Amino acid sequence: MYMKPFITKSIGFFLNLTALVSPVWGANFAFNLLCKVRRAGISEKGRAFLKKATQHTLVLEQASAVLHKCGGGSKKILFLHGWESNSQRWLPYYTMLDKQKYTIYALDAPGHGMSKGDKLNVEVFRQAIEAALNHIGPVEAIIGHSLSTTAIGYCYKINPAIDVKKFVLMGSASGMDAVFSYFKELLGLSKRSITNLSQKVNTILKLPHQEVNLSSFLEKVTQPTLVIHDKKDAVTPYAAIENILKSQPKINTYITSGLKHDLKSEEVYSAVIGFIDG
């Protein structure tokens, strides 16, 4: 979410005050603010790409998501975008992949792309991923970017039996704690505000948010996994990811420098497709 500094600090001051006088109300307000989506538009090129696909609406507990399908190959792959993005980000992969070999699915999370709503949290994202996998069946690979990688790890921890052969994680956050830190710094939240928000989040998730992190996923996952990250990523800083990867030698890595968080380049596209094909 982006707001002018004066507005963010004013909201933070208000939340810090309500944390003292009305902690439950303040935590609910902060949580809803954290989940609020500023919907990104879809370009003409993106719309042309998505028109080539068929769409299926996934009905969740309190939301819905749109699943796009392209190609007709026997191997199925699922693409998951990040926060305030949508399925058009996967156009280069669609162009490069063999549609006779692969059936390509791309999910618009609730509040994103063609999906309805204006809010998203990791639990709802997990539900959307699970619903997509139930609809698709066994998949060759899941490719996720940014927030979706946290949802992937969370989904796997809830149900490690999901039928996925490979994982590709791009621009991953170190975990839910990184989201809390970003929110704390953005709004200037007090320790009490963060504690109240933490308690609220733990009523939503099926695991304590402290257990939803990249490290625990990489330690637990048995499928081949590729982590792609850029050393100059300012959204999900590389230092934390580098420390995690040092203790996980079984994990494949592709580290870039200068592509930042978006990781859009021919070299990355080729690395992802090579890993899937390998």
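Note that this is a predicted model, so its numbers are computed, not measured.
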Hey, what's the ring geometry for [X] with [Y], parallel, tilted or perpendicular (30° and 60° as the breaks)?
X	Y	answer
Tyr94	Phe49	tilted
His145	His261	tilted
Phe14	Phe29	perpendicular
Trp83	His112	perpendicular

>> Assess whether a salt bridge exists between Glu140 and Lys76, defined as any Lys/Arg side-chain N lying under 4.0 Å from an Asp/Glu carboxylate O.
In response: no
> Does a side-chain N-to-carboxylate-O contact under 4.0 Å join Arg47 and Glu44?
Replying inline: no
>> Tell me whether Lys232 forms a cation-pi arrangement with Tyr238, defined as NZ or CZ under 6.0 Å from the six-membered ring centre and within 45 degrees of its axis.
In response: no
>> Using a 6.0 Å distance limit plus a 45 degree cone around the ring axis, check whether Lys200 lies over the aromatic ring of Phe31.
In response: yes
What distance do [X] atom [atom1] and [Y] atom [atom2] have between them, rounded to the nearest 0.5 Å?
X	Y	atom1	atom2	value
Ile162	Leu133	CD1	CG	6.0 Å
Phe167	Leu78	CZ	CG	10.5 Å
Asp233	Ile241	CG	CD1	8.5 Å

Result block: side-chain N/O donor-acceptor pairs under 3.5 angstrom for residues 168-178, not counting sequence neighbours:
residue : atom : partner : partner atom : Å
Ser172  : OG   : Thr149  : OG1          : 3.2
Asp177  : OD1  : His209  : ND1          : 3.3

>> For Gly113 versus Asn86, what's the shortest heavy-atom pair and its separation?
In response: CA-CB, 3.6 Å
> What are the two closest non-hydrogen atoms of Leu226 and Tyr254, and how far apart are they?
Replying inline: CD1-N, 4.0 Å
> Are the side chain of Ser198 and the backbone N or O of Ile194 linked by a donor-acceptor pair below 3.5 Å?
Replying inline: no
> Are the side chain of Ser148 and the backbone N or O of Leu80 linked by a donor-acceptor pair below 3.5 Å?
Replying inline: yes
>> Does Ser216 form a side chain to side chain donor-acceptor pair (under 3.5 Å) with Glu211? I'd like the steps, not just the answer.
In response: CA-CA 7 Å; Ser216 62; Glu211 297 180 20; over 6 Å; no
>> Test salt bridge (Lys or Arg N to Asp or Glu O under 4.0 Å) on Asp118 and Arg39; report intermediate values, then the result.
In response: CA-CA 7 Å; Asp118 61 357; Arg39 187 183 294 268; over 6 Å; no
Is the shortest heavy-atom distance from the side chain of [X] to the side chain of [Y] under 4.5 Å?
X	Y	value
Gln88	Ser43	yes
Ile104	Tyr93	no
Asn121	Leu34	no

> So which pairs with a foot in residues 89-113 pass salt bridge (charged side-chain N to carboxylate O under 4.0 Å, His left out), sequence neighbours left out?
Replying inline: Lys101-Asp277
